[in-house]
Q: 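Sharing a structure here in structure tokens format.
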Amino acid sequence: MELVLASGSPRRLELLKLITEDFSVIPADCEEHFDFALPPKEAVKALAIQKAEYVSKKYPEKTVIGADTTVFCGETPLGKPKDTDDARRMLSMLSAKTHIVITAVSVVRGGNTLKVFAEETQVEIFPLSEKEIEEYIKTGEPMDKAGAYGIQGKGALLIKKINGDYYNVMGLPVARLSRELML
């Protein structure tokens, strides 16, 4: 089975290597449409399917893995921040709260969705001062991460505790994906 990761995320590439070294990377450069009418898990699954199907149309003979990670503060989805003001807003929203990180994964071949699933992890953030938020934003780390933080980097210093899969928060629930790939 020829595997393709439909993501340009360096974290997803690193995590997929825990399962196999035998895959190629073809980012899904499609416009994403978050469907607010769907329940959170279903909306994130739809994005993962959209990405995998986009790449699968170009490479129908390959098995394509699409993924999407979205942070939810209550019912509010938080994607990647648009700018530092947006990162500041997101981090302020998450301060002293528990939020949900949902990563959905789809496996598509020949335009057919073979598998789709979503994992959910609860993350509690310490109360953050304005200074802590500003110092973290200065690292540049928040800018390409859903919810404006990375658990695997300096963002780990913001996290009080998690309940669920650590790798799910990074962007790819590898243990579950490994089992799902046993097609």
Side-chain angles (χ1 to χ4, degrees), residues 1-72 77-82 87 90 100-121 123 140-153 155-156 162 164-183:
M1 156 172 51
E2 284 189 74
L3 271 183
V4 172
L5 177 61
S7 173
S9 164
R11 292 161 300 282
R12 287 196 181 111
L13 182 138
E14 173 189 340
L15 292 173
L16 188 54
K17 283 183 179 181
L18 295 174
I19 299 172
T20 181
E21 295 277 338
D22 189 21
F23 66 93
S24 54
V25 175
I26 304 170
D29 294 323
C30 56
E31 191 174 326
E32 297 178 26
H33 300 285
F34 190 90
D35 189 344
F36 291 94
L38 293 173
K41 268 189 180 177
E42 297 309 309
V44 181
K45 283 181 186 178
L47 287 172
I49 292 168
Q50 179 186 353
K51 292 174 183 180
E53 285 180 347
Y54 181 84
V55 173
S56 183
K57 285 178 185 169
K58 296 178 181 180
Y59 303 93
E61 72 288 355
K62 299 181 188 280
T63 301
V64 180
I65 299 168
D68 188 79
T69 301
T70 304
V71 171
F72 289 87
L78 303 177
K80 295 175 184 175
K82 296 175 189 77
M90 289 182 191
I100 302 295
V101 178
I102 298 174
T103 297
V105 180
S106 65
V107 181
V108 175
R109 186 177 12 198
N112 298 311
T113 301
L114 305 176
K115 303 273 183 172
V116 63
F117 65 91
E119 288 294 314
E120 189 174 295
T121 303
V123 180
E141 191 176 279
M143 301 317 298
D144 71 337
K145 315 262 186 328
Y149 73 91
I151 194 170
Q152 72 284 359
I162 72 167
D165 184 345
Y166 171 86
Y167 294 111
N168 186 57
V169 182
M170 274 183 72
L172 196 65
V174 290
R176 172 90 185 262
L177 178 58
S178 175
R179 283 155 178 75
E180 296 289 348
L181 285 175
M182 295 179 200
L183 304 171

Q: Looking at CG of L172 and CG of D165, how far apart are the two atoms once the value is rounded to the nearest 0.5 Å?
A: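 L172 CG to D165 CG: 9.0 Å, rounded to 0.5 Å.
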Q: So do the side chains of I65 and L181 get within less than 4.5 Å of each other, counting heavy atoms only?
A: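 Yes, their side chains come closer than 4.5 Å.
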Q: Residues two or more places apart in sequence or in another chain: which of them pass side-chain hydrogen bond (donor to acceptor under 3.5 Å, both in side chains) with E120?
A: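 Not a single residue meets the side-chain hydrogen bond (donor to acceptor under 3.5 Å, both in side chains) criterion with E120.
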Q: Which pair of non-hydrogen atoms, one from G111 and one from S56, has the smallest distance, and what is that distance?
A: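 Closest approach of G111 to S56: N-OG, 3.1 Å.
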Q: Which residues pass the side-chain hydrogen bond (donor to acceptor under 3.5 Å, both in side chains) test with Q152, sequence neighbours left out?
A: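 Checked Q152 against side-chain hydrogen bond (donor to acceptor under 3.5 Å, both in side chains); zero matches.
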Q: How close do A148 and P142 get, counting heavy atoms only, and between which atoms?
A: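 Smallest interatomic distance, heavy atoms only, reads O-CB, 3.0 Å.
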Q: Do M170 and L15 come close enough that some side-chain heavy atom pair is under 4.5 Å?
A: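 Yes, side chains in contact.
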Q: Please identify each residue that fulfils salt bridge (Lys or Arg N to Asp or Glu O under 4.0 Å) with E42, with sequence neighbours left out.
A: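 For E42, the residues satisfying salt bridge (Lys or Arg N to Asp or Glu O under 4.0 Å) (neighbours in sequence not counted) are K45.
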Q: So which atom in P81 and which in A87 form the shortest heavy-atom distance, rounded to 0.1 Å?
A: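 Taking P81 first and A87 second, the nearest heavy atoms are CB-N, 3.6 Å.
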Q: Provide the closest heavy-atom pair for T70 versus P77 in the form atom of the first, atom of the second, distance.
A: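 Answer, listing the atom of T70 first, then P77: CG2-CB, 3.8 Å.
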Q: Name all residues meeting the side chain to side chain contact (heavy atoms under 4.5 Å, CB included) criterion together with A52; count only those two or more places apart in sequence or in a different chain, and write none if there are none.
A: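 By the side chain to side chain contact (heavy atoms under 4.5 Å, CB included) rule, A52 matches V64, S106, V108.
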Q: Could you tell me which non-hydrogen atom of A146 sits nearest to which non-hydrogen atom of V71, and how far apart they are?
A: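 Minimum heavy-atom separation between A146 and V71: O-CG2, 3.5 Å.
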Q: Taking all non-hydrogen atoms of both residues into account, name the closest pair between A67 and A48 and its distance.
A: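 The answer is CA-CB, 4.0 Å.
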Q: Under the rule for side chain to side chain contact (heavy atoms under 4.5 Å, CB included), what residues qualify as partners of S7, not counting sequence neighbours?
A: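 Counting only residues at least two positions away or on another chain, S7 forms a side chain to side chain contact (heavy atoms under 4.5 Å, CB included) with L5, S9, R12.
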Q: Say whether, by atom type as modelled, one donor and one acceptor occur between the side chain of N112 and the main chain of L114 under 3.5 angstrom.
A: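 Side chain of N112 to backbone of L114: no pair is present.
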Q: Does a side chain donor of either T103 or N168 reach within less than 3.5 Å of an acceptor in the other side chain?
A: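 The criterion, which ignores hydrogens and geometry beyond distance, is satisfied for N168 and T103.
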Q: Can you sort out the partners of E53 under salt bridge (Lys or Arg N to Asp or Glu O under 4.0 Å), two or more places apart, ordered by chain and number?
A: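 So E53 forms no salt bridge (Lys or Arg N to Asp or Glu O under 4.0 Å) with any residue.
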Q: Please enumerate all residues that pass salt bridge (Lys or Arg N to Asp or Glu O under 4.0 Å) together with K80, with sequence neighbours excluded.
A: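 None.
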Q: Excluding sequence neighbours, so at least two apart, what forms side-chain hydrogen bond (donor to acceptor under 3.5 Å, both in side chains) with Q50?
A: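 Result, side-chain hydrogen bond (donor to acceptor under 3.5 Å, both in side chains) vs Q50: none returned.
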Q: Show me, pair by pair, the donor-acceptor contacts under 3.5 angstrom made by side chains of residues 17-34, not counting sequence neighbours?
A:
from, atom 1, to, atom 2, distance (Å)
T20, OG1, D22, N, 3.0
E32, OE2, K51, NZ, 3.4

Q: Identify the residue among R176, R179, K41 that makes a salt bridge (charged side-chain N to carboxylate O under 4.0 Å, His left out) with E119.
A: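 So the option named by the test is R176.
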Q: Taking only residues two or more places apart in sequence or in another chain, which ones pass side-chain hydrogen bond (donor to acceptor under 3.5 Å, both in side chains) with R11?
A: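 Counting only residues at least two positions away or on another chain, R11 forms no side-chain hydrogen bond (donor to acceptor under 3.5 Å, both in side chains).
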